Amino acid sequence: MYILGIWDGHDAGAAIVEGNRIVAAVNEERLTKKKLDNSFPKNSIKACLEIAGLKASDIEHVAATTTEFTKTMERIFPKSKEYYYYFRRRKMLRPRFETFQHHLKYLLTSFGPLPFCKEVSEAILRKQLRALGFKNFKIHFVEHHLAHAADAAFASPFNKALVITVDGLGDGVSGSVNVFENGELERIEAIPAVDSIGIFFEQVTNIVGMRELEDEGKVMSMADYSYPFNFEENKLKDFFKVEGLKIKAKYSPIAQYDLLSRIAWSMPREQFAYMAQQLLENVLVKFFTNAIEETGIGDVAWTGGVASNIKANMKIRHIDKLKRWFVFPHMGDGGLALGAAFYVNYELNGISKYLFNDVYFGPSYSEEEIEETLKKNKNKINFEEVKEPAKYAAELLKKNYVFWFRGKMEYGPRALGNRSILAPAGDEEIKNELNLKVKKREWFQPFAPSLLKEDSKKVIKDIKNRSDVDKFMTMGYFAKNNVANEIKAVVHIDNSLRPQMVGNENKVYRELLKEIKKENGIGIVLNTSFNIHGMPIVCSPEDAIDTMLKTKTKYMIIENFVLELK
Ligand SMILES: [Fe+2]
């Protein structure tokens with residue numbers, strides 16, 4: 001039985017599961033080129049059906065999520081959703097009533113689902129699906145945090161685990177504590193939306209002049225440029241407290257926003273970012289510690305937008321009583337389509353475990369399709385087919401950055417060796433070129449490495465003998481002092497890093513790292529997502545070539561083709 005999951009909000013997308021297999025999963029932004037697209041995911045649905053080899057009329061069960069008041073209103077008035085998209089991304093001059101608009105947002109989003117919401121949402125989604133050719137199907141709604149929790153629990157390697165979700169909000173909830181045991185997921189606590197630590201961090205992001213729901217990671221990186229404070233000196237320290245399994249906010253979201261703005265006004269933004277990050281880490285460590293102690297379960301899986309904060313994840317990883325950990329790689333709302341499909345597959349078929357060895361669930365392209373695209377561009381690009389693309393890339397990577405495109409596109413925010421830009425891990429000059437000329441990012445944003453799984457201990461100092469093998473770039477670590485100097489392009493100012501530890505899940509990428517190891521002694525490379533800043537990761541060969549031309553990049557490898565700009 002095929003189940004289609006859909007999500008039509010922030011970072012919309014679709015996914016198809018069948019049995020204990022993830023057949024396809026894609027986000028709308030990759031297909032529409034509108035980063036974190038929040039429209040109805042019609043392109044993702046079509047792409048998933050194509051990957052699965054199905055027609056719309058073959059699908060009998062659709063899993064949807066989130067029927068809160070604001071989401072339902074957005075379904076009724078899609079223009080309001082579009083307006084918020086451009087407002088949030090600051091694709092306009094600052095509106096005169098910007099503060100009022102934020103207040104309104106915090107007020108309206110604190111409502112959970114109201115009685116009419118589900119029926120209205122279902123009627124609208126049904127109509128949209130019918131327009132795509134769906135015929136006899138049932139729509140099942142999965143509550144927002146249940147969809148998040150299903151992602152973390154069912155994709156984790158654990159049979160018994162503590163499952164924690166923390167995000168901005170969804171369906172009136174901003175976090176949950178769950179126990180996953182004997183294939184069943186039971187919620188033991190929910191944090192109300194008004195106590196959201198995710199909204200707190202979103203507000204901080206906004207106040208330091210960045211885009212909420214998008215640039216929270218930049219705030220985290222910027223925090224490391226502040227001089228350190230004791231927690232006692234932290235002006236935000238009493239904004240939240242943790243009591244048992246509850247996180248409690250001192251202020252309402254509106255009062256909090258105003259007070260944060262006033263505090264931020266009195267200090268440089270890196271200090272403000274530092275205080276916010278420190279508070280977040282403090283709250284999460286207490287919250288997770290309490291949950292581990294209360295349930296007595298040391299294997300923890302977590303997700304939700306806040307789980308993208310790898311520095312906070314690192315602090316959680318170091319909790320003494322935590323045994324093994326798993327962070328779901330598509331932690332934001334972009335992962336909800338899969339989580340909803342997971343949960344409905346559990347309800348209908350009792351399936352709550354998946355083979356989750358990689359995240360290559362997106363479209364791929366045949367040699368013929370690629371060659372055809374290359375021929376169209378032959379006046380701008382030279383290309384040839386090679387037998388060993390990994391070897392070829394390793395040679396180029398001695399002195400260049402290289403665009404690297406293979407196989408199925410990654411699901412989630414990280415490029416993991418199929419749609420990646422690669423560069424030497426020790427070359428700061430190339431790193432700066434990448435940052436400023438190619439990707440056009442802020443100067444303080446660090447790059448991350450991919451490294452051979454077996455070389456992790458050579459590079460990282462705080463690996464413990466637990467589950468510290470991260471295939472998905474979801475966790476922060478510190479580099480060993482003697483190695484940090486050799487891999488300057490992939491460590492942050494404090495020598496922290498967010499590695500992808502590559503095992504057998506990506507064979508050709510692994511070969512490439514092994515080639516690099518022959519030269520340097522460590523199989524490591526700078527790996528950043530294949531996109532220009534502000535754009536989604538590329539999906540098709542056309543997108544890739546377009547990006548190559550726009551950035552005047554000299555080398556790209558698509559499958560077995562080596563491309564050189566003329
Ligand atoms: Fe969420």
Side-chain angles (χ1 to χ4, degrees), residues 5-15 25 27-29 36-38 41 63-72 74-75 81 84-85 88 105-106 108-113 117 121 141-155 163-178 185 187 189-203 205-206 211-217 247 249 253 280 284 287 301-309 312-313 327-343 411-413 474:
I6 57 169
W7 163 238
D8 57 337
H10 175 71
D11 201 9
N27 287 94
E28 196 68 1
E29 60 161 26
L36 301 168
D37 197 338
N38 61 359
T65 170
T66 316
T67 54
E68 65 196 17
F69 173 70
T70 38
K71 193 88 229 41
T72 309
E74 284 176 354
R75 287 185 179 121
K81 186 156 80 165
Y84 175 65
Y85 178 83
R88 182 190 70 66
K105 173 186 155 172
Y106 302 133
L108 294 176
T109 51
S110 54
F111 294 112
C117 289
S121 287
F141 277 102
V142 179
E143 188 260 352
H144 189 97
H145 277 264
L146 192 52
H148 275 313
D151 269 335
F154 301 175
V163 178
I164 295 182
T165 65
V166 188
D167 70 355
L169 60 87
D171 282 334
V173 172
S174 66
S176 71
V177 182
N178 313 265
L185 194 54
R187 179 177 294 178
E189 191 62 84
I191 317 289
V194 288
D195 289 315
S196 174
I197 188 84
I199 293 288
F200 159 82
F201 211 76
E202 180 189 314
Q203 291 179 338
T205 303
N206 194 3
R211 294 164 300 190
E212 60 195 47
L213 298 180
E214 188 166 343
D215 292 340
E216 280 74 6
I247 297 174
L280 177 78
L284 290 180
F287 179 55
W302 69 98
T303 189
V306 176
S308 64
N309 193 305
N313 290 349
V327 179
F328 182 68
H330 204 352
M331 59 284 281
D333 283 355
L336 287 174
L338 185 62
F342 273 180
Y343 199 75
Y411 184 55
T474 57

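Bear in mind the structure is a predicted one, so any value in this text is a computation, not a measurement. Positions are given from 1 along the sequence. Side chains are part of it too, since the values below use all heavy atoms of this structure and drop only hydrogens, waters and symmetry mates. Read the numbers this way: they start at 1 and go in the same order the structure lists the ligands and their atoms.
The ring-ring contact (aromatic ring centres under 6.0 Å, His included) search around Phe200 returns Phe240, not counting sequence neighbours. Under the side chain to side chain contact (heavy atoms under 4.5 Å, CB included) criterion, Thr205 pairs with Phe201, Met210, Asp215, Glu216, Val219, sequence neighbours left out.
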Ignoring hydrogens and angles, write down the donor-acceptor pairs under 3.5 Å from the side chains of residues 327-341, residues two or more places apart or on other chains.
| residue | atom | partner | partner atom | Å |
| --- | --- | --- | --- | --- |
| His330 | NE2 | Asn27 | OD1 | 2.8 |
| His330 | NE2 | Gly334 | O | 3.4 |
| Asp333 | OD1 | His144 | NE2 | 3.2 |
| Asp333 | OD1 | His148 | NE2 | 3.1 |

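Ring planes of Phe154 and Phe342: tilted class, angle from 30 to 60°.
Remark: side-chain polar atoms of Asp8 are not paired, donor with acceptor, to backbone N or O of Arg75 under 3.5 angstrom.
The minimum heavy-atom distance linking Leu36 with His10 is given by the pair CD1-CE1, 3.8 Å.
Within the protein, the number of N, O or S atoms lying under 2.8 Å from the Fe ion (ligand 1) is 4.
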